[in-house]
Structure formats: structure tokens, C-alpha cells
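Scroll down for the structure; my scribbles are underneath it.
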There are 2 protein chains.
Amino acid sequence: MATDVRGSTFEPKVHLEDWKLWEQFSAVQTEMIVTKTGRRMFPGYRVKMSGMDPNAQYCVLMDISSVDENRYKFQHGEWVVAGRGEPQVPQRFYLHPNSPCSGQQWMKEIISFHKVKLTNSCGNSADGKFLIHSMHRYQPRIHIVRTDDVNTLHLQPMSTFAFPQTAFVTVTAYQNGQITKLKIANNPFARGFREDGAKTK
Amino acid sequence: MATDVRGSTFEPKVHLEDWKLWEQFSAVQTEMIVTKTGRRMFPGYRVKMSGMDPNAQYCVLMDISSVDENRYKFQHGEWVVAGRGEPQVPQRFYLHPNSPCSGQQWMKEIISFHKVKLTNSCGNSADGKFLIHSMHRYQPRIHIVRTDDVNTLHLQPMSTFAFPQTAFVTVTAYQNGQITKLKIANNPFARGFREDGAKTK
DNA sequence: GACCTTCTCACCTACGTGTTAAGC
DNA sequence: TCGCTTAACACGTAGGTGAGAAGG
């Protein structure tokens, strides 16, 4: 916990945006498509900050960590363990492009990671792409580092936040029809597949 | 000029991309549209770096400076001075989003400012938008600062580069028909106005 | 009227969707 | 056959063009 010059303390907190949507997906076990070229997550990962020192500099990072060491399969309408998964490799961090930036700035606006992509091809890894395995469970995480020095980030203490309702199983094609329905109903880019003429954004 | 630990010297140089295209426009006096919401420049401003210290950190900036204090008009097929222009205000710098970054990284790829926009409305100024007056001459410039500290940029020595063939007159509607033809012939977004079925990108 | 600005429009690029069929 | 992956596709969103009409 950091202390400013006057002695009062700051404890950064992270608030998940669109949590109602995330919970709708989570209730039927969220699936995320992974492709060679990279696929966005939906819902998009967006958060709000509070409790930061307005005058201090922070870096905000994201990563996607393995939930366990299992491989999964979708059988008889549910996800079950299907043997040992791929070895967990420490995931590279994605540094939010606004970093470094003052606490005041971070707290002012929604911090979006919606451009992040999931890929299953080493060759196509680039900034903003997470290399992960299909049929595995993952958990996105947010990290906050109180520093203005991007180069020594790895040496600094880090606060980590994770929201259980954002965990997901990776797939190359949707397994659960309910997930497909939720994606089509809520993702504007999938509007072409809606049966009704819903105009809701 | 900077010196590294072994005593050898580095002198960053900037190379303009698409210079042939820029010169085609320049030959008939380049015009750039300026709008309330902001309009991109075409050709896009792109450069390559060389001569940097691969291991040093640099920031790269862009600005758009007034060429003179005149207002211009297009008369009898050419641009002529039409009285005193608006007072020159020091232009805000646009910090390239990759900043700060190592010389090695900067030199590896083309550095693009194609998303920069020109606006004539104060209200709509935002990051990546330059507020400038219509019917004035301007000159884009590149600045290189050897530092990894974005916060003290203004205190550091700066190397400035400008390419005369990228100077332009601002307009709210094209004045010279030859400019319109060149824009339509070369800008992919204007392909709808090409008479032939040219597929050239 | 002459000159400049603003707005709406059709038409394009670029790319995010799930679908489907083919591949392994 | 079965399970999973890939690539081409139609159909969206999002936004960059100059044209042309309207406004000042």
C-alpha cells in the first residue's frame, strides 16, 4: 500500500465493466474463439479504477493465466476434464497503451482491452495478442504497478486483480449453443445473424 | 550529437516514405482538406529512421508549423498571397504512440502518422488532431528526442527534420482540379470516384 | 455575384462476426 | 466415425473519400 506525502494511504481498486453481461455468459460457461490470426474476446474486457493516488504515476497491465493444468472437452452438454493439458507457460503481459499515466487520468475513463486478441499460432504473436491453447481454461487478470518507468516494471511490486466471472474455455468453434446465442444477441458485429430485427447496440 | 560509452557517435537521420508521391502533389501545390471533425492527410505522413543508437531510448514527435504569415487564395489557376494570415500559435506536438522506444525498434519499421487529422474547430481538438486555419500554408515536421522520460520532453535537446515536398495549403474544398485528380487516383478510399477500373492499391 | 464553409450522400476500405464445408 | 481445426464466405460495424447542394 502506498503512502503520499501527507500520510494518507491509497489502495487501488478495479471495477469490472459489463459485469451483468459477463455473468450471463459465465452462467453457461463462457467460450472464447481462438484463431491463427487472432480473435477478439466478447464480451470485451473493460475496467474502471478507483482509489489510486491522483498524483502518482501508474502502469496498468493485463495477462491471461491458466486456471488449471487440464484439457477440457464438451460432452453431453457440459464441459468435463479430458486429460492433462499443455504445460503452463508464464503469459507475457500486455501493457495498456496509456501507460504510464497519472492515477487521476486512469480513474477518469473506462480502461478498455477490447482490442486484445487470442491466437493459437506462435508465428502470429504480436503486441496485443495472447498465445493460448484451445480447449483449456483461462482467467484474464489486471495488474497495477505504481511507477512511471516502463523499463523496470518487472522489478516493482504489483497489485493483481481477477474476476471469476471473466474466466473462459478456449475453442476453435463454439461447443455450447447457448453461448452462440448469447454472442449473436449481444455482439454488434454478429448482428447479421440475429433473427429478429433487434436494433439494440 | 550523442555519444555512447565507447565514444562512437550517433546522428539520427529521417527518410521520407512515398516521396515520389509527395513530389507529384508538391509539383502542383499540395492541398489538404480541413474539417470540423478532422480530416486525414493524403499522402499519409510516414518516415524511416537511421543512425540512431540502437540501445538508447528515443521519443519521436510530429508537429505542423506555419510556413509564413500569409493568407492565400487560388486565383487564375494558381495560389497567391491574399493578405495577412492568422497569428501563428505554437503548434502542439503529437507524440508518436510508440514513444519512448529504443533506437533499434524505431529503425526496424516504418513510422506512420497516417492517422493524424487536421481540424479547424477548437472544440474538436483531441490527441492526434492539429488545429490549423484554412487557406494557410503549413509544413509537417518530425522531432527526435533522446530520452525515455515523456514527462520532461520539453526540457531536452531536440533534432528537427522537415521535408519541403510535404508542405501544403489548407482548404475546405479542393481548389485545383489537378490535386483532386491526384487524390482520386492514389487514395484507396477515393476509389469510388475513379473512372477507369484501376485496381492499383 | 464571388468566395469560402458546412452538411449529407453514395461509395469505398478495413475488419469483426458466426456459418459452413473441407481437412486431418 | 468422431473430435477438433482451418479457410472461404456473406453480412454486419466503423470510418475514410470527393461530389454536390446549401448556407453565409
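Worth knowing before you read on, the calculation uses all heavy atoms, side chains too, and leaves out hydrogens, waters and symmetry mates.
D:dT17 atom P lies 15 Å from atom CG of B:L182, rounded to whole Å. Atom-to-atom, CD of A:E195 to P of D:dC11 comes out at 15 Å; the value is rounded to the nearest Å. Protein atom CZ of B:R194 is 11 Å distant from nucleotide atom P of D:dG18, rounded to whole Å. To the nearest angstrom, C1' of D:dG3 lies 10 Å from CD of A:Q75. The CG atom of B:L118 sits 14 Å away from the P atom of C:dT5 (whole-angstrom rounding). As rounded to whole Å, 23 Å separates atom P of C:dC11 from atom NZ of B:K183. Taking atom NE2 of residue B:H114 and atom P of nucleotide D:dG16, one finds them 10 Å apart after rounding to whole Å. Across the protein-nucleic acid pair, A:F42 atom CZ and C:dC15 atom C1' stand 17 Å apart, rounded to whole Å.
Mapped onto DNA chain D by nearest heavy atom, A:F193 and A:F189 fall at different nucleotides, with A:F193 at the one closer to the 5' end. Projected onto DNA chain C by closest heavy-atom contact, A:M41 and B:T172 fall at different nucleotides, the more 5' of which corresponds to B:T172. Heavy-atom distances to DNA chain C give each of A:K117 and B:F74 a nearest nucleotide, and the one nearer the 5′ end belongs to B:F74.
Ring geometry for A:Y45 versus A:F163: interplanar angle of 30 to 60°, hence tilted.
A donor-acceptor pair is defined here as one N or O able to donate and one able to accept, closer than 3.5 Å; such a pair exists between the side chain of B:N176 and the backbone of B:Q178. A distance-only check finds no donor-acceptor pair linking the side chain of B:S26 to the backbone of B:Q29 [under 3.5 Å]. When atom types are taken as modelled, the side chain of A:S99 and the backbone of A:V60 share a donor-acceptor pair closer than 3.5 angstrom.
Judged by distance alone, with hydrogens and angles left aside, B:R39 brings a side-chain donor or acceptor within reach of the base of D:dG18, the pair sitting under 3.5 Å.
Considering only side-chain N and O atoms, B:K115 lies nowhere under 4.0 angstrom from the phosphate OP1 or OP2 of D:dG16. Here A:S134 does not reach the OP1 or OP2 of D:dC4: none of its side-chain N or O atoms lies under 4.0 Å away. Distances shorter than 4.0 Å separate some side-chain N or O of B:N120 from OP1 or OP2 on C:dT6. Taking side-chain N and O atoms only, A:K36 has a distance below 4.0 Å to OP1 or OP2 of D:dA7.
Donor-acceptor pairing under 3.5 Å is lacking for the side chains of A:H136 and A:N70.
Which of D:dG12, C:dG18, D:dA7 sits closest to the side chain of A:R191 comes down to D:dG12. Taking the side chain of B:R40 as heavy atoms from C-beta on, and the options C:dG18, D:dG16, C:dG16, the nearest nucleotide is D:dG16. The side chain of B:T180 lies closest to D:dG18 when the candidates are D:dG16, C:dT5, D:dG18.
With a 4.5 Å cut-off on side-chain heavy atoms, A:V47 and A:F161 do not count as touching.
Residue contacts shown for A:K181 are absent, as no nucleic acid heavy atom lies under 4.0 Å away.
Taking a pair to require two hydrogen-bonding distances under 3.5 Å in either a Watson-Crick or a G-U wobble arrangement, C:dA2 remains unpaired.
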